Every structure is written in structure tokens, then in C-alpha cells.
Amino acid sequence: MSAHASVEWLSAYLDSELAEPARAEVASHLAECEACRARLERLREVSAGLRAFEAPQAPPSLRVGVRGRVAESGGLARWWSERLRRSGRWSALPAAAPLLAVILALGVGFYVLSDGVARREAGSLLQVDLSDARAPEAPLATKAVEELEAPAEESPAEESPVPEPDLLEEAAPRRTAPTEVEAPVQVEAAVETEAPAELEAAASEEVGSVESLEVAAAPPPSAPAATEVRGHRRAAAAVMADSLASPESRSIGGRRFLRAEGGWIEEGLDGGSTRTVSRDSDEGISILESLPELADIDEPVRLSWKDEVVELAAP
Amino acid sequence: MGTSGGSGRSESGKDPMQSATATTGMIELAGRALADLHRSGDPTAFDEVYRRYADMVFGIALRMSGNPSTAEDLSQEIFLRIHRHLGKFGGRSSLKTWVYQVSLNACRSGLARRARHRDRQVREAEEKIALVPDEGPSPERTAMGRERLRHLEAALLDLPRPFREAVVLCDVEGLAYDEIAEILGVRIGTVRSRIARGRDRLRRALEENE
């Protein structure tokens with residue numbers, strides 16, 4: 001044995017879980033080594049302390065909670081299996097016909113809704129945003145549902161030792177959460193009060209909600225692609241991008257902006273002089289990024305698009 | 001620990017279905033027989049599993065989470081999983097081992113989810129809730145004072161999860177290394193190492209607090 005016994009051997013020795021000849025070796029070493037004896041005593045103290053913890057009793061409310069959860073999750077399945085078991089599989093079908101009809105109706109309704117949402121997503125949002133982010137995410141939710149509904153393992157020994165995600169709760173946020181690329185800071189300030197209700201909803205934290213999809217729907221084909229605005233900010237970004245995109249001039253918040261080489265200029269500022277608002281291309285998002293240049297403007301800047309108005313707080 | 005003394009390994013030698021017809025006979029049922037009963041739709045099988053293991057499950061959840069409220073939530077989740085999967089329990093291990101496995105898996109996923117969704121400071125504040133009651137444990141049960149026990153408890157919660165699981169199963173639950181290895185699905189050498197390293201970290205934590 002080296003100078004001292006390893007903590008692993010000491011710990012196993014403490015539990016009488018050390019096989020010969022290691023056990024005898026440790027015992028012999030302990031007889032001679034005061035440091036290892038002291039260390040063993042500290043380990044013994046730790047172990048004794050842990051064993052002295054009070055054995056908790058399950059609170060009475062647990063039984064009630066378990067009953068509720070079981071009834072909640074398994075009531076229908078249990079009813080159905082019992083029905084089949086007792087009545088024979090086919091004779092139970094007429095009894096379950098109303099239930100099947102409801103399930104079918106819900107399924108069709110869900111399909112129609114989700115199809116509509118998907119179309120709007122594909123038809124509008126992707127013009128502004130996220131061609132990379134959404135496509136691979138939908139299968140996650142599908143996978144989650146599949147895994148949830150998959151037959152359980154026969155023994156949890158087959159369960160993964162790594163933490164298993166709570167698929168039902170995680171899949172939805174994962175499908176719709178903003179991706180890691182942050183929108184320009186200025187866009188964050190874009191959530192103000194004069195936006196229509198659905199636009200506000202779109203800019204809220206409920207990212208990817210139906211509301212946001214509706215707001216962003218149907219921008220004209222000229223809307224530029226922008227890759228830097230993500231998640232819940234995209235609806236506002238879509239509005240602004242369209243507002244500031246292709247025409248040669250735009251009125252924003254009572255100010256007039258003209259397209260110029262390399263960007264946009266504001267007309268009439270400071271007694272007729274012009275000012276570069278964006279040095280970038282004609283993409284609206286680039287203009288948003290340049291808004292700090294309007295820092296000397298006290299009042300909020302308004303960006304309008306069709307009948308909708310987005311008000312940006314002055315940076 | 002509590003009422004969890006029953007083990008799925010105890011075989012009565014009687015016809016399990018026959019035993020099940022009598023309420024008292026349920027106690028003698030092996031895990032496999034309980035699984036069969038559960039599969040057949042007999043609700044008393046799950047009730048019996050709950051009766052045997054409620055304290056054990058709650059204790060594991062409490063030691064892994066450090067918070068009674070979280071432990072109750074986790075325990076609900078554990079029993080929900082047991083209810084779902086009991087019918088498929090094949091009897092390859094004891095029912096008690098299986099329940100431990102379900103418990104630890106549920107704790108891992110539940111706590112990981114909470115860690116992601118909660119502000120860490122909030123979580124830490126919750127964990128500060130004392131689990132060592134003021135009136136116990138009695139001094140004769142341990143040479144360690146109450147204050148040191150609280151430090152030990154806090155240090156246990158700070159252990160990395162693999163160490164904490166091994167230490168809890170060994171020192172709190174009182175299981176042998178081979179049982180722990182079966183529950184965790186690792187080799188005995190790994191169990192020995194995790195317990196030793198876990199205890200050593202706890203020892204250092206206590207020394208730093210002195």
C-alpha cells in the first residue's frame with residue numbers, strides 16, 4: 001500500500017464492502033497510520049450523520065394528489081380497456097362510437113388549424129425571418145408526443161440514466177422559443193402602445209403564438225428577407241421591414257425619408273439638411289439597427305405600414 | 001424507512017392470485033404478482049404498492065430535492081409513472097429496486113426541468129428550508145450536533161447528482177453496494193467510488209464550516 005489508504009478503500013472498509021486481501025491490507029495500515037485513522041473517523045462521522053436523518057413520512061396529501069393524477073391521466077384509458085375487456089373488443093365499439101366521433105372531430109379540427117398556421121408561417125414569416133429556425137423544430141413536438149405515447153419500458157432499468165426531459169412540457173416552448181440570435185436592441189424597444197392588439201400580442205413573450213402569425217401574415221412580396229430578427233420580435237420587424245423597404249421615400253412619424261446611395265436619408269432635418277438614417281441597404285431591419293442615430297429625437301418614432309402603426313421609443 | 005420495509009423479493013410460495021383475494025394476503029404478494037393484478041385491472045395492486053413504498057418514495061424525493069413541496073410533487077410524478085408502468089414490470093429485479101429506479105429517474109428529470117425553469121436563487125432559497133427538525137435527531141443517535149447536521153444536509157444537496165444518489169442510497173436508505181449498483185445500473189466499483197467521493201466532499205464541506 002502506498003503512504004496512505006485511498007478514500008475509496010477507507011469508505012468501502014467503513015461499509016464492510018471491501019473484499020480480501022484489500023480489507024486486511026487497510027486494517028493493517030490503519031493500525032499504523034494515525035492520519036488514515038483520523039480520516040476514517042471523519043468519514044464515519046459523515047456516514048453516521050446521514051444515517052441520523054429523520055426518515056420522513058409521506059404527507060397525507062400525497063395520497064390525494066396521486067389519486068388525482070392517476071384519475072386525470074388514466075381515467076379514459078382505463079375506462080376504455082375495461083370496456084373492451086369486459087364486453088369483448090367488437091361489441092364495445094357501438095358503446096364507444098360517440099367517443100370516437102368526438103376524437104375524430106377534434107383531430108380534424110386540430111389538423112385544419114395547424115395546417116392553416118403552418119401555411120401562414122411558411123407564406124409570410126419566412127419572408128422576414130427564420131428560414132433556418134422553424135423547419136427542424138416541428139418534429140421535436142411530434143417526437144415528444146410519440147415518445148409520450150410509446151409503450152413504456154418493461155422495467156425502468158431500461159430507462160435512460162441521463163435526465164429525461166419532460167417531453168410534454170418542453171416540446172411546445174422549444175418549438176416556438178426565440179432562437180439564440182438576438183434581435184437588434186432597438187427592435188426590443190419597438191413594443192409600444194399604439195400597435196394593434198394582435199401586434200402587441202405578437203411582440204409579447206408568447207412567441208410564435210397564433211396572434212403573432214396573424215400579424216405577420218401576408219406582407220407584400222416585396223418584403224425583404226431579414227435574418228437577424230427572431231422569435232417574438234419578428235412580427236414587429238415584419239411590419240417595419242415592409243414599411244421601409246422598396247419605395248423611394250417613406251413617411252415615418254411625420255418625417256420623410258428618401259432612399260439614397262447606401263441607405264436612407266431624412267429630409268428636412270435641421271433646417272433642410274439631410275441626415276443619414278441608414279448607411280446600409282434598403283432592408284428595413286438595417287434601418288432599425290440604425291435608429292440610435294435618432295437619439296436626439298425626444299418623441300417616439302412611428303413606423304407605419306398600411307393601417308398599422310408601430311411606435312418605437314426613442315433610443 | 002417508514003413503511004417501506006416491504007420488499008418485492010419476498011415470495012410467499014402461494015398462488016398469488018389466490019392470495020390477492022384476501023386483503024391480508026396482498027402483503028405477501030411478490031412484485032410480479034402485483035404487476036399481474038394491476039394489469040388485470042385490480043386497483044388494490046397499486047394501492048398496495050403505494051402503501052409499501054410511499055414513505056420510501058417521498059424520502060428519496062426529499063433527499064434529492066431538498067424541499068418538501070418539491071418532494072411531494074416529485075412523489076406524485078413517481079407514483080403516476082408507477083401506475084402507468086407497473087403492468088409491464090417483468091420481475092427481473094425486485095419491486096423495491098424497480099421503484100427506486102422509477103423514483104430516481106423521475107427525480108432526475110423533474111429536478112432538471114425545475115432547474116431550467118426556475119431562477120436559481122429562488123431554488124436555493126427553497127432549499128434552505130430546514131429538513132432537520134428542531135427537536136431531532138436525538139443526540140444519542142449521532143455524535144454530530146444539530147447545527148452540523150444542517151450543514152451536512154445542505155452539503156448533501158450541493159453534491160453532484162451521481163454522488164448524491166449513491167450516498168443517499170447507501171447512508172440514508174441503508175442499501176448494500178450491490179443493490180445500489182443494480183438500481184443505478186452501474187458496476188459495484190463505480191458505486192464504491194461515488195460513495196467514497198461523495199462522503200469525502202461532505203467531509204470537506206463540514207471541515208470548511210468548522
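Just the heavy atoms: all of them, side chains too, but no hydrogens, waters or symmetry mates, feed the values below. Computed from a predicted structure; not experimentally measured. Letters A, B, ... mirror the listed sequences (proteins, then strands); counts begin at 1.
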Examine whether an atom of [X] lies under 4.5 Å from a heavy atom of chain A, and if so say whether it belongs to the side chain, the backbone or both; otherwise answer neither.
| X | result |
| --- | --- |
| B:Leu156 | side chain |
| B:Cys170 | both |
| B:Ala35 | neither |

Does [X] come within less than 4.0 Å of [Y], counting only side-chain N to carboxylate O?
| X | Y | answer |
| --- | --- | --- |
| B:Arg199 | B:Asp171 | yes |
| B:Asp36 | B:Arg39 | yes |
| B:Glu179 | B:Lys96 | no |
| B:Arg197 | A:Glu8 | no |
| B:Arg204 | B:Glu207 | no |

Contacts of type salt bridge (charged side-chain N to carboxylate O under 4.0 Å, His left out), residue B:Arg187, not counting sequence neighbours: none
Aromatic plane relationship, A:His29 with A:His4 - under 30° parallel, 30 to 60° tilted, over 60° perpendicular: perpendicular
Region of A:Arg67 in contact with chain B, defined by heavy-atom distances below 4.5 Å: neither
From CA spacing to verdict: side chain to side chain donor-acceptor pair (under 3.5 Å), B:Thr190, B:Arg194: CA-CA 6 Å; B:Thr190 306; B:Arg194 288 181 183 177; 5.9 Å; no
Closest-packed option against chain A by number of heavy-atom pairs under 4.5 Å, given B:Ala61, B:Ser193, B:Gly185: B:Ser193
Contacts of residues 10-20 of chain A with chain B (heavy atom under 4.5 Å): A:Ser11, A:Ala12, A:Leu14, A:Asp15, A:Glu17, A:Leu18
Residue, of A:Leu62, A:Leu43, A:Val7, that accumulates the most heavy atom pairs under 4.5 Å with chain B: A:Leu62
Check against side chain to side chain donor-acceptor pair (under 3.5 Å), B:Thr44 and B:Asp42: CA-CA 6 Å; B:Thr44 58; B:Asp42 187 337; 2.5 Å; yes
